[in-house]
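Below: one structure, written as structure tokens.
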Protein chains: 2
Amino acid sequence: MIHSDESKPAAVPTIAEKKEQLRKFLRQKGFKSTRQRDIIAGEFLKCSEHVTAEELYKKISNKHKNIGFTTVYRTLKLIAASGLATERVFADNLTRYESLSAEDHHDHLICLNCGSITEFENPKIEKLQERIANEFGFNTVTHKMELYGYCRMCKKDVLRGERFDRR
Amino acid sequence: MIHSDESKPAAVPTIAEKKEQLRKFLRQKGFKSTRQRDIIAGEFLKCSEHVTAEELYKKISNKHKNIGFTTVYRTLKLIAASGLATERVFADNLTRYESLSAEDHHDHLICLNCGSITEFENPKIEKLQERIANEFGFNTVTHKMELYGYCRMCKKDVLRGERFDRR
DNA sequence: AGGAAATTGAAATTCATTTTCAATTATTTT
DNA sequence: AAAATAATTGAAAATGAATTTCAATTTCCT
Ligand SMILES: [Mn+2]
Ligand SMILES: [Mn+2]
Ligand SMILES: [Zn+2]
Ligand SMILES: [Zn+2]
């Protein structure tokens, strides 16, 4: 997500501020702040990707061989519950997490060849979705919208007959 | 999907015709037509829902106790490959199949309470999706668009505080 | 510091999906 | 019509991500 408007510096929370938000959430829920949760949250907030528990675990276990997969898995759930992240499941059926500030919503373009994920936002589509839901007397809570195909780079390779899995 | 135009009777293939299409597909691929495949296809084409392999297997095994789950599972894959059905995976992460004629595309409204699935079609959204893909130099192959929330019936229950899982 | 309560992480479990394999069945060839 | 060839069947096992279990450890509160 690219925002060209840099006029409101307070709108983009720092990693430290996000970590504090998590700590606040934990305290408020009667949960505990731990060394592991701090490290996991730190690493998660650093890497701004659509990351799986497995992937994050591997990144972390380079430096911290004593942090287990289960804890990474559980901490990602907590981070999502706190509002700092959302869970996403794309066509590969893996649960991914992405860092997210409260307001921000977007959908995804996903390359079937290289797996790259591009984010977009389109208010017109969002409005149309609401209109459709209303027509059916439906009360929308959330939606999923994903476009699958070939990204600019992979499209070229396909034309040249060079398509292969880069994942 | 409701179509009020009944002027073209040939446009809606009968179950027999669909079964024939499957047989043609099998022959063409060097696969075999079997008693089991015929029964499974028949039952699948009859029940016009978003059905899982498990569900269809249970329906079938009432009458045909000798047809195994694996065969139902594999036959559904074949039916999808033949173009008679599409695979769908909604938020519950179960693979569902729905009978589908070649042209027809639609998206879904899914009730978080009762699990009911409503189909809709919106050309404007489809066009906007294409426009967005183009903006990113993206070549769209397929897309997924699902609205999750509460259907008309369940909305009422929610207001009365009567929400519960009907699935 | 002491004690109640939550957390950790290795291992086990779950659950849908997918694969394996020996026996059976469908199709083609003689 | 039988034999040869090749695919199918279905029970059981394997897979793999997600989730749970549980004893040992750590955090938080007084
Ligand atoms: Mn995203
Ligand atoms: Mn449908
Ligand atoms: Zn790509
Ligand atoms: Zn409902």
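The shown structure was predicted, so the numbers you read here are calculated from the model rather than taken from an experiment. Chain letters run A, B, ... following the sequence lines, proteins first, then strands; residues in each count from 1.
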Item checked: Interatomic spacing from CG in B:Leu84 to CD in B:Glu17 - rounded to 0.5 Å -> 11.5 Å
Margin query: Test your reading of the model: is there a side-chain donor-acceptor pair from B:Tyr148 to the backbone of B:Ala91, 3.5 Å cut-off?
Written below: yes
Next item on the list: Would you please classify the geometry between the B:His143 ring and the B:His105 ring as parallel, tilted or perpendicular, with 30° and 60° separating the classes?
Entry: perpendicular
Checklist line | Helical bend (five base pairs per end, nearest 10°) for the helix from C:dA1-D:dT30 to C:dT30-D:dA1 | finding: 20°
Notebook entry, point to check: OP1 or OP2 of C:dA6 sitting under 4.0 Å from any side-chain N/O of A:Lys29?
Noted result: no
Notebook entry, point to check: Which is true for B:Lys65 with a 4.0 Å heavy-atom rule: it touches a base, it touches only sugar-phosphate, or it touches nothing?
Noted result: nothing
Check: Quick one: A:Lys58 NZ to D:dA17 C1', roughly how many Å, whole number?
Finding: 12 Å
Notebook entry, point to check: Which parts of nucleotides 19-30 of chain C does protein reach within less than 4.0 Å, heavy atoms only, written one letter per nucleotide 5' to 3' as B for base, S for sugar-phosphate only and - for none?
Noted result: BB-----BS---
Notebook entry, point to check: Is there a donor-acceptor pair under 3.5 Å between the side chain of A:Thr52 and the backbone N or O of A:Glu55?
Noted result: yes
Next item on the list: Let me know the distance between CG of A:Leu78 and P of D:dT19, rounded to the nearest Å.
Entry: 13 Å
Next item on the list: Figure out the NZ/C1' separation between B:Lys77 and C:dT18, and round it to whole Å.
Entry: 8 Å
Item checked: Distance test, side-chain N/O of B:Thr52 to OP1/OP2 of C:dA16, below 4.0 Å -> no
Check: Quick one: B:Arg96 CZ to C:dA16 P, roughly how many Å, whole number?
Finding: 11 Å
Notebook entry, point to check: Can we say B:Asp107 and B:Lys144 salt-bridge, meaning some charged N sits less than 4.0 Å from an Asp/Glu carboxylate O?
Noted result: no
Note to self: Nearest whole Å is fine: how far is D:dA18 C1' from B:Leu94 CG?
What the structure shows: 14 Å
Check: B:Asn93 or B:Asn66: which one's nearest nucleotide on DNA chain D is closer to the 5' end?
Finding: B:Asn66
Check: For the residue pair A:Phe90 and A:His108, is the inter-centroid distance of their aromatic rings smaller than 6.0 Å?
Finding: yes
